[in-house]
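Every chain is numbered from 1 and lettered A, B, ... according to where its sequence line falls, protein lines coming before strand lines. In this text, all values refer to a predicted model and were calculated from it rather than measured experimentally. Scope of the values below: all heavy atoms of this structure, side chains included, with no hydrogens, waters or symmetry mates.
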Number of protein chains: 2
Amino acid sequence: MTSFYSEKHKFFLAVDCIIFGFHESELNLLLLHRNFEPEKGTLSLPGGFLKDSESLNDAAIRVLNELTGLENLYMEQVHAFGDVNRDSGERVVSVAYYALININDYDTSLLDKYNAIWVKATEVPKLVFDHSTMVKSARQALRKRTAVEPVGFNLLPEKFTLPQFQTLYEAIYGEVLDKRNFRKKVLNMNVLEKLNEKDKLSSKRGAFLYRFNEGKYKEFLSKGYDFTI
Amino acid sequence: MTSFYSEKHKFFLAVDCIIFGFHESELNLLLLHRNFEPEKGTLSLPGGFLKDSESLNDAAIRVLNELTGLENLYMEQVHAFGDVNRDSGERVVSVAYYALININDYDTSLLDKYNAIWVKATEVPKLVFDHSTMVKSARQALRKRTAVEPVGFNLLPEKFTLPQFQTLYEAIYGEVLDKRNFRKKVLNMNVLEKLNEKDKLSSKRGAFLYRFNEGKYKEFLSKGYDFTI
DNA sequence: GCAAAAGTGTTGCCATTACACCCATGA
DNA sequence: TCATGGGTGTAATGGCAACACTTTTGC
């Protein structure tokens with residue numbers, strides 16, 4: 001007896017990753033020059049085909065690891081893209097994920113190896129296929145998530161200053177925020193630990209370093225608060 | 001020359017639909033008894049395999065149309081589910097969609113034809129594979145969407161009363177709302193058209209009927225307001 | 001006349017916004 | 001000493017939540 005499934009078509013399945021980093025007060029993302037046809041040479045999101053042995057999430061984790069050398073990245077599925085002709089080569093359905101990386105952890109030797117570049121999220125060039133749409137969806141998903149969970153920390157080094165933190169949020173939301181109101185809100189949440197060190201890289205006076213405190217955050221959540229900035 | 005793609009695996013791709021209806025003050029959803037192996041007879045979401053000629057959205061539209069006879073349903077993609085063993089028969093990646101239907105439009109003869117049943121969203125029985133997870137995700141997606149866009153109207157007949165409307169929102173959010181505050185907020189948005197008819201089915205006094213006015217809604221949006229209830 | 005659902009305003013509070021000046025330091 | 005970015009508090013406002021009684025009408 002033939003199985004029910006055997007009558008059905010099968011499809012290529014890919015994952016494409018929007019890898020966000022935060023650098024010089026700007027949200028950046030990592031792009032590749034496609035090294036195979038069709039559209040060889042065109043800028044593209046890093047991606048890969050799903051393997052038989054792995055889940056969609058696993059595939060995204062693999063792609064991210066190949067390109068960054070990092071594990072345990074924060075990531076979130078964005079959307080499945082399934083238009084018939086979205087890939088000009090073959091019928092491919094692709095699931096987009098975004099990931100947040102601390103750009104200081106990134107091994108820049110990988111840029112050459114993979115022919116990769118960082119571009120500012122505000123200046124994304126034309127990308128292959130529907131990858132520009134994927135980027136838009138990912139930025140939206142990141143904004144929504146940020147409004148409700150403190151995921152922004154994943155884009156910063158372990159220790160960071162409040163001005164840095166504010167600039168990050170401004171980059172994610174695409175609008176400037178009031179300094180006093182921002183600091184008030186963030187500090188009132190009581191999830192940051194103030195350190196006795198200053199970062200003097202961006203000012204003579206120096207800005208105090210803070211660290212995200214997971215324990216305090218759990219406490220904060222258990223009180224039913226929400227993380228709205 | 002063999003194409004780059006030909007080395008890659010292919011996968012079965014399915015869409016599964018969470019079809020919401022609103023009936024007797026409760027959010028309901030439409031389930032099927034699976035009529036093929038594996039898990040024949042188990043309750044399941046309506047779904048179908050992607051065809052070569054259609055996009056993911058098209059597939060969802062087709063599945064919805066087969067089961068309801070309706071077109072132009074409001075629907076939204078929820079998430080792609082891709083765990084290796086999520087389907088006990090074969091490796092299948094499935095993309096979940098939810099849809100909203102006006103339950104009065106539903107042709108109940110289809111219930112028998114497809115061996116389908118409506119169940120209360122608060123009392124969903126155990127479902128096949130990861131379909132229970134899909135339902136949870138869909139309810140969450142519906143809540144989020146409802147908080148930001150007036151999609152609830154799709155679950156109501158063209159003419160509806162404010163008490164009905166409030167009950168719907170209570171069903172979606174899973175909490176009771178204050179009558180006065182609710183009416184104040186909804187009416188202030190000025191997207192409803194009050195009719196000169198009353199619905200006397202649920203009270204002796206009768207409740208005025210209203211209609212959603214698309215034009216007023218566009219105006220409302222153009223002023224930059226948002227639909228938060 | 002009574003039960004059952006529809007309809008209606010006001011007040012207090014909290015959260016958000018707007019806003020301007022002093023501080024510390026390296027050059 | 002001055003230029004640069006870091007750091008701080010208050011007042012006004014508007015939106016949200018809490019709250020209870022009257023109206024209509026079929027039975």
Side-chain angles (χ1 to χ4, degrees), chain A residues 22 24-26 143 146-148 156-157 159-171 173-211 220 223-229, chain B residues 22 24-26 143 146-148 156-157 159-171 173-211 220 223-229:
Chain A
F22 183 62
E24 287 176 354
S25 305
E26 302 241 26
R143 264 199 302 278
T146 304
V148 89
L156 294 173
K159 302 171 179 182
F160 52 86
T161 68
L162 289 183
Q164 268 184 292
F165 193 43
Q166 180 176 346
T167 315
L168 169 61
Y169 270 72
E170 291 177 333
Y173 288 136
E175 56 182 313
V176 297
L177 305 171
D178 180 90
K179 188 165 47 158
R180 280 174 288 194
N181 293 336
F182 181 84
R183 297 170 78 98
K184 213 188 313 168
K185 228 183 288 189
V186 169
L187 293 175
N188 276 342
M189 289 182 180
N190 202 36
V191 299
L192 294 187
E193 201 181 321
K194 186 175 184 174
L195 305 176
N196 272 327
E197 309 167 57
K198 283 192 166 188
D199 175 274
K200 297 214 154 199
L201 293 176
S202 58
S203 81
K204 293 159 187 166
R205 179 177 177 178
F208 276 104
L209 288 164
Y210 288 78
R211 179 163 39 193
F220 172 81
K223 287 180 185 153
Y225 297 146
D226 79 327
F227 193 88
T228 309
I229 294 206
Chain B
F22 183 62
E24 286 177 355
S25 305
E26 304 241 26
R143 263 199 302 276
T146 304
V148 89
L156 293 173
K159 301 171 181 183
F160 52 87
T161 67
L162 289 183
Q164 266 183 295
F165 193 43
Q166 180 176 348
T167 316
L168 169 61
Y169 271 71
E170 292 176 333
Y173 289 135
E175 54 183 313
V176 298
L177 305 170
D178 180 89
K179 186 166 43 157
R180 279 174 289 191
N181 292 336
F182 181 84
R183 297 171 78 100
K184 213 186 313 167
K185 231 181 286 187
V186 169
L187 293 176
N188 277 342
M189 289 181 183
N190 201 37
V191 299
L192 294 187
E193 201 180 321
K194 187 174 184 175
L195 305 176
N196 272 326
E197 309 167 56
K198 283 191 166 187
D199 175 273
K200 296 214 153 201
L201 293 176
S202 60
S203 79
K204 292 157 188 167
R205 180 177 177 178
F208 276 104
L209 287 164
Y210 289 78
R211 179 162 40 193
F220 173 80
K223 288 180 185 153
Y225 297 147
D226 79 327
F227 193 88
T228 309
I229 294 205

Taken in chain and number order and not counting sequence neighbours, the residues that satisfy side chain to side chain donor-acceptor pair (under 3.5 Å) with A:K194 are none
side-chain contact (heavy atoms from CB on, under 4.5 Å) against A:E26, all qualifying residues, sequence neighbours excluded: A:N28, A:K120, A:T122
How long is the span from the CD atom in A:Q166 to the CG atom in A:L162, to the nearest 0.5 Å? 8.5 Å
For A:Q166 and D:dG7, what is the distance between atoms CD and C1' respectively, to the nearest whole Å? 12 Å
Which atom names give the shortest non-hydrogen contact between B:A171 and B:S25, and what distance separates them? CB-O, 4.4 Å
Testing the 3.5 Å rule here: is there a donor-acceptor pair between the side chains of B:N188 and B:K185? no
If the condition is side-chain contact (heavy atoms from CB on, under 4.5 Å), which residues does B:N190 pass it with, not counting sequence neighbours? B:K216
I'd like a list of close polar pairs between nucleotides 25-27 of chain D and the protein, N/O only, cut-off under 3.5 Å.
unit_1: D:dG26; atom_1: OP1; unit_2: B:K200; atom_2: NZ; d: 3.4

Say you draw a straight line from CG of B:L168 to CD of B:E170; how long is it, rounded to the nearest 0.5 Å? 9.5 Å
Please round to the nearest 0.5 Å and tell me the distance separating atom CZ of A:F165 and atom OH of A:Y210. 11.5 Å
Strictly by salt bridge (Lys or Arg N to Asp or Glu O under 4.0 Å), give each pair with a member in residues 195-204 of chain A just once, sequence neighbours left out. A:K159-A:E197
Sequence neighbours left out, what passes ring-ring contact (aromatic ring centres under 6.0 Å, His included) with B:F22? Give chain and number order. none
Scanning both residues in full, the closest heavy-atom pair of A:S203 with A:G206 reads OG-N, 2.8 Å
Please work out if A:T161 contacts a base, only the sugar-phosphate, or nothing of the nucleic acid, heavy-atom cut-off 4.0 Å. nothing
To the nearest 10 degrees, how far apart in direction are the end axes of the helix from C:dG1-D:dC27 to C:dA27-D:dT1, each fit to five base pairs? 0°
Under the ring-ring contact (aromatic ring centres under 6.0 Å, His included) test, residues paired with A:F220 that sit two or more places apart: A:Y225
Summary of protein contacts for nucleotides 11-21 of chain D, nucleotide by nucleotide, where a base hit scores B, a sugar-phosphate-only hit scores S (4.0 Å, heavy atoms): ------BBBB-
Residues two or more places apart in sequence or in another chain: which of them pass salt bridge (charged side-chain N to carboxylate O under 4.0 Å, His left out) with B:R211? B:E158, B:E193
Opening and closing nucleotides of DNA chain C in contact with chain A, under 4.0 Å to non-hydrogen atoms: C:dT17 to C:dG26
